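Bear in mind that the values here come from a model prediction, so they are computed numbers and not experimental data.
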Amino acid sequence: MGQNPDVDDAYAMSSPDEVKDLYRTWSHSYDAAFGDAQGYQLPREVAFAFVGAGGSGPVLDVGAGTGLVGTILRGLNTESIDGIDLSEDMLQVAQTKGDYRGLYACDVTKPLGLKNAPYSGIVSAGTFTLGHVGPEALRNLLDVAASGALFVISVNAAHFVSAGFETAFAALANEITDLTHRDVRIYDDRAHKAHRNDMARLVIFRKV
């Protein structure tokens, strides 16, 4: 990996340590070199879907990174947003923006034990994807959600079935309700040609 990581580097990660190393390098250039330059529109899709479905705070932003989702949610008048991410370096950038009530470095594949739980909403953009987090984390998110909490989680559409997400959501049938999903583009036309038409599946549901 060079000094300017890209989405292919992110997809190639296979361990938490590799993820931390990648985002340590990427943190201060992420918003401009990736978010803006590649037309990374998934955070906006997630935030607008959440608010459009009636979501409100307190909200947990899973894989908050540099705070792209949180900034949009605050612009849509969502209050009390907390963020979690594996990378402390990315969270330090998010902290400077002033959109979050609290930011916590933690591994979503392990029990979270967050002091502000339970949450009325759970959102996530770009975390449930190849090289990052699989469906095993869904249980930990349900554990910090209030009854009736609204979830809007993006999953890389190309891996939705093969990575076990379809099976995992089916297994949660007695614990979630109002399950719907729709596919959206992750990037706009500014993205490199190889990823310009990459799709994410927005999975929207409520905890029973």
Next item on the list: For Leu60 and Val62, run side-chain contact (heavy atoms from CB on, under 4.5 Å): C-alpha distance rounded to whole Å, both residues' side-chain angles, the deciding distance at 0.1 Å, then the answer.
Entry: CA-CA 6 Å; Leu60 181 65; Val62 179; 4.1 Å; yes
Notebook entry, point to check: Can you check side-chain contact (heavy atoms from CB on, under 4.5 Å) on Asp99 and Ile81, steps first, answer last?
Noted result: CA-CA 7 Å; Asp99 296 314; Ile81 307 166; 5.6 Å; no
Next item on the list: Applying salt bridge (charged side-chain N to carboxylate O under 4.0 Å, His left out), run through Arg206 and Glu175 and close with a yes or a no.
Entry: CA-CA 9 Å; Arg206 289 187 180 273; Glu175 300 180 60; over 6 Å; no
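Side-chain polar atoms of Thr109 and Asp107 form a donor-acceptor pair below 3.5 angstrom. Donor-acceptor pairing under 3.5 Å is recorded for the side chains of Tyr119 and Asp82. At a cut-off of 3.5 Å, with distance as the only test, a side-chain donor of Tyr100 or Asp61 sits close to an acceptor on the other residue.
When all heavy atoms of Ile122 and Ala145 are compared, the closest pair comes out as CG1-CB, 4.2 Å. What you find for Ala168 and Pro135 is that their closest heavy atoms are CB-CB, 3.6 Å. Minimum heavy-atom separation, Gly121 to Ala149: N-CB, 4.3 Å.
Within the 4.5 Å cutoff, side-chain heavy atoms of Asp189 are placed close to those of Arg196. The shortest side-chain heavy-atom distance between Phe160 and Val203 falls under the 4.5 Å cut-off. Here the side chains of Glu79 and Arg101 are not in contact, with every heavy-atom distance at 4.5 Å or above. Leu68 is listed as a side-chain neighbour of Tyr40, based on a closest heavy-atom distance under 4.5 Å. In this structure the side chain of Val59 reaches within 4.5 angstrom of the side chain of Val123, judged on heavy atoms. In this structure the side chain of Glu45 reaches within 4.5 angstrom of the side chain of Arg182, judged on heavy atoms. Residues Leu114 and Ile84 form a side-chain contact, since some pair of their non-hydrogen atoms from C-beta on lies under 4.5 Å apart. Proximity of Tyr104 to Lys115: side-chain heavy atoms (C-beta onward) are separated by under 4.5 Å at one or more points.
Checking each of Ile153, Leu179, Leu150 against Ile204 for a side chain to side chain contact (heavy atoms under 4.5 Å, CB included) leaves exactly one that passes, namely Leu150. Checked against Ser154 for a side chain to side chain contact (heavy atoms under 4.5 Å, CB included), the options Thr127, Val69, Leu202 give a single hit: Leu202.
Distance check: Ser162 OG to Asn156 CG gives 8.5 Å after rounding to the nearest 0.5 Å. Between Phe128 atom CZ and Leu138 atom CG the span is 5.0 Å, to the nearest 0.5 Å. Annotation: the span from Arg44 atom CZ to Asp188 atom CG amounts to 7.5 Å, rounded to 0.5 Å. The CZ atom of Arg201 sits 4.0 Å away from the CG atom of Asp183 when rounded to the nearest 0.5 Å. Expressed to the nearest 0.5 Å, how far CG of Asp198 lies from CD of Gln38 amounts to 10.5 Å. With rounding to the nearest 0.5 angstrom, the OG1 atom of Thr96 is 11.0 Å from the CG atom of Leu91.
Side chain of Arg74 to main chain of Thr78: a donor-acceptor pair is present (N/O by atom type, distance under 3.5 Å, no hydrogens or angles). Formation of a donor-acceptor pair under 3.5 Å by the Lys207 side chain with backbone atoms of Leu142 is found in this model. Put simply, the side chain of Lys110 never gets that close to the backbone of Asn140: no donor and acceptor are under 3.5 Å apart.
For Phe48, the CZ atom counts as loosely surrounded, since its 6.0 Å shell holds 12 or fewer non-hydrogen atoms of other residues, nucleotides or ligands.
The cluster map of Ile, Leu, Val, Met, Phe, Trp and Tyr, joined by side-chain heavy atoms under 4.5 Å apart, puts Val208 and Val144 in different clusters. Using a 4.5 Å cut-off between side-chain heavy atoms of Ile, Leu, Val, Met, Phe, Trp and Tyr, with links allowed through other members, Val184 and Val152 fall into the same hydrophobic cluster.
For Phe169 and Phe205, the distance between ring centers is under 6.0 angstrom.
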